[in-house]
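As structure tokens, the structure follows; a few thoughts come after it.
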Amino acid sequence: MINIKVNQTSYQFPAQVTLDQILSQLDISVSGIAVAINERIITRSQWVSTIPDDGDAVLIIKATQGG
């Protein structure tokens with residue numbers, strides 16, 4: 001198991017979990033979001049192949065409308 005922080009909350013995941021699997025396991029809608037690991041933006045096409053390391057911080061940013 002590895003420990004990963006997602007938006008400041010710690011979670012445990014199996015080793016070798018991909019970013020898209022994390023989003024799915026946490027039931028996070030992928031519509032209109034951007035994702036960064038350790039302050040580095042990960043493009044959507046890389047989510048299926050990106051494997052966070054133990055202790056990484058994942059930041060999920062949701063776009064909102066308004067002015």
Side-chain angles (χ1 to χ4, degrees):
M1 299 294 276
I2 59 173
N3 295 303
I4 297 173
K5 282 190 177 181
V6 179
N7 287 2
Q8 307 295 323
T9 301
S10 294
Y11 296 93
Q12 285 192 328
F13 296 98
Q16 303 299 311
V17 67
T18 63
L19 190 53
D20 70 318
Q21 290 171 327
I22 289 172
L23 297 172
S24 177
Q25 288 181 25
L26 295 178
D27 199 26
I28 296 172
S29 172
V30 298
S31 178
I33 66 170
V35 180
I37 296 178
N38 299 332
E39 300 182 5
R40 192 181 112 237
I41 295 290
I42 308 299
T43 63
R44 191 176 195 135
S45 64
Q46 295 174 309
W47 294 358
V48 295
S49 60
T50 299
I51 300 172
D53 292 321
D54 187 35
D56 278 353
V58 175
L59 178 63
I60 299 167
I61 303 162
K62 182 148 181 86
T64 59
Q65 291 182 328

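Quick note: residue numbers are just sequence positions, from 1.
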Any donor-acceptor pair under 3.5 Å from Lys5 side chain to Leu59 backbone: no
Of the options Val35, Asp56, Val48, which is the one that meets Leu19 in a side chain to side chain contact (heavy atoms under 4.5 Å, CB included)? Val35
Following the transitive rule for hydrophobic clusters with a side-chain heavy-atom cut-off under 4.5 Å over Ile, Leu, Val, Met, Phe, Trp and Tyr, establish whether Ile61 and Val6 coincide in one cluster. no
Mark yes or no for whether Asn38, through its side chain, and Ala57, through its backbone, hold a donor-acceptor pair below 3.5 Å. yes
For the student: nearest non-hydrogen atoms of Ile42 and Thr50, plus distance: CG2-OG1, 3.6 Å
Does the side chain of Leu23 come within less than 4.5 Å of Ile33's, by heavy atoms? yes
Counting only heavy atoms from other residues, nucleotides and ligands, does the tally under 6.0 Å from CD of Gln12 exceed 12? yes
Can you tell me which residue pairs pass the side chain to side chain donor-acceptor pair (under 3.5 Å) test with a partner in residues 16-25, sequence neighbours excluded? Thr18-Asp20, Thr18-Gln21
Can you check whether Arg44 reaches Val30 side chain to side chain, under 4.5 Å on heavy atoms? yes
Test side-chain contact (heavy atoms from CB on, under 4.5 Å) on Ile2 and Asp53; report intermediate values, then the result. CA-CA 7 Å; Ile2 59 173; Asp53 292 321; over 6 Å; no
For the pair Ile22 and Tyr11, evaluate side-chain contact (heavy atoms from CB on, under 4.5 Å) and give the outcome as yes or no after the intermediate values. CA-CA 10 Å; Ile22 289 172; Tyr11 296 93; over 6 Å; no
Cluster link Phe13 to Ile51, ILVMFWY, side chain under 4.5 Å: no
Which pair of non-hydrogen atoms, one from Asp54 and one from Asn3, has the smallest distance, and what is that distance? OD1-N, 2.6 Å
Do Ile41 and Val58 belong together in a cluster built from hydrophobic side chains that touch within less than 4.5 Å? no
Asn7: side-chain hydrogen bond (donor to acceptor under 3.5 Å, both in side chains) partners, not counting sequence neighbours: none
